[in-house]
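A short worksheet on the structure shown next.
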Protein chains: 2
Amino acid sequence: MDDSQLLKGVLDLAVLSVLESGDSYGYEIVTRLREAGHERVGEASVYGTLRRLHNDDHVSSYLEPSDSGPHRKYYSLTTNGRRRRREDAKTWERFVETMSFLLNQEKK
Amino acid sequence: MDDSQLLKGVLDLAVLSVLESGDSYGYEIVTRLREAGHERVGEASVYGTLRRLHNDDHVSSYLEPSDSGPHRKYYSLTTNGRRRRREDAKTWERFVETMSFLLNQEKK
DNA sequence: CGTGCTACCTCGCATTGCGAGGTAGCGAAA
DNA sequence: TTTCGCTACCTCGCAATGCGAGGTAGCACG
């Protein structure tokens, strides 16, 4: 099973979750996700996700200069984004429970 | 968040899990998945999944007549399929832990 | 000046769930 | 008998999205 397929549909939630603990920018978000355990997330996936979240008004953005390289494009959760995150988290939890049930079927 | 996107990459595992508790056929598998909580699984998704699992030698199949309609095409886990299921279950569990960690970031 | 890190981006492919549509057997109701 | 509803199978093509590959640039250090 490929992690990449698992990420589908969950990456939005993962990114929104990272932003819940403070504004961040693409490169850092990738790093955070990898540290958390999503070791194979590709940069392109995250940038794509951010673009979509921005289009749908779930995050806003602003530029900030940096000492250690080019400027950074920070992203910040909008009200929509926060609500979206709460809803997605619930959907995710229900989903995990369903899978849990299925995975333990065998024992019966 | 759409359940359908979440299912990507996990449907294989879900179907393999259903089969772990006994041979079954497409229509019944759909029913079982829906009862378990994946209420919106489409038939086409399951038939597609079964076709793929069969091509990759994770399941074998045989026909059986039925009293309540047309014949049934039963699927059975192969050795490959059983191994695949164990591996996928582990990958899934690790994935869930990673998400769990991310979802609780906010509290810090 | 080359190397390596930070940081951004685009393009197009591959995967896969699903909606829509179709075929057919069977039993019971109209 | 015809029709309905359930069981049970299938195909086609779209839509969504993660990712690999590739590119640009600033900065620091040797």
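This one's a predicted model, so the numbers in the text were calculated from it and none came from an experiment. The chains referred to below are lettered A, B, ... by the order of the sequence lines, with proteins before strands, and numbering in each begins at 1. Just the heavy atoms: all of them, side chains too, but no hydrogens, waters or symmetry mates, feed the values below.
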Report yes if at least one side-chain N or O of [X] is closer than 4.0 Å to OP1 or OP2 of [N]; otherwise report no.
X       : N      : answer
A/Ser68 : D/dG26 : no
A/Tyr47 : C/dC9  : no
B/Thr49 : C/dG17 : yes
A/Lys8  : D/dC19 : no
A/Ser4  : C/dT15 : no
B/Tyr25 : D/dC9  : no
A/Ser66 : C/dT6  : no

query = Out of D/dG18, C/dA7, D/dC9, which has the shortest distance to the side chain of A/Leu11?
reply = D/dG18
key: Residue B/Arg52, side-chain heavy atoms: nucleotide from D/dG18, C/dA7, C/dT16 that is nearest   = C/dT16
Where is the tightest heavy-atom contact between [X] and [Y], given as atom of each residue plus distance?
X       : Y       : value
B/Leu6  : A/Gly9  : CD2-O, 3.8 Å
A/Ser24 : A/Leu19 : N-CD2, 3.6 Å
B/Met1  : A/Trp92 : CE-N, 3.8 Å

task = Would you indicate what A/Gly26 reaches in the nucleic acid, counting non-hydrogen atoms under 4.0 angstrom: base, sugar-phosphate, or nothing?
result = sugar-phosphate
request  = Look at all strands and tell whether B/Asp67 reaches a base, only sugar-phosphate, or nothing, counting heavy atoms closer than 4.0 Å.
outcome  = sugar-phosphate
Which protein N or O atoms sit under 3.5 Å from an N or O of nucleotides 19-24 of chain C?
none

task = With the side chain counted from C-beta on, respond yes when B/Arg85 and B/Glu20 share a heavy-atom pair under 4.5 Å apart, and no when they do not.
result = yes
key: Residue A/Arg34 excluded, over 12 heavy atoms near CZ under 6.0 Å   = yes
inquiry  = What is the separation between atom CG on A/Leu6 and atom C1' on C/dG17, rounded to the nearest whole Å?
reply    = 14 Å
task = Report the distance from atom CG of B/Asp12 to atom C1' of C/dT15, rounded to the nearest whole Å.
result = 11 Å
ask   = Mind checking what makes ring pair (Phe, Tyr, Trp, His ring centres under 6.0 Å) contact with A/His38, not counting sequence neighbours?
value = B/Phe95
key: Of A/Arg51 and A/Gly69, the one whose closest DNA chain C nucleotide lies more 5'   = A/Gly69
key: Partner set under salt bridge (charged side-chain N to carboxylate O under 4.0 Å, His left out) for B/Arg51, not counting sequence neighbours   = none
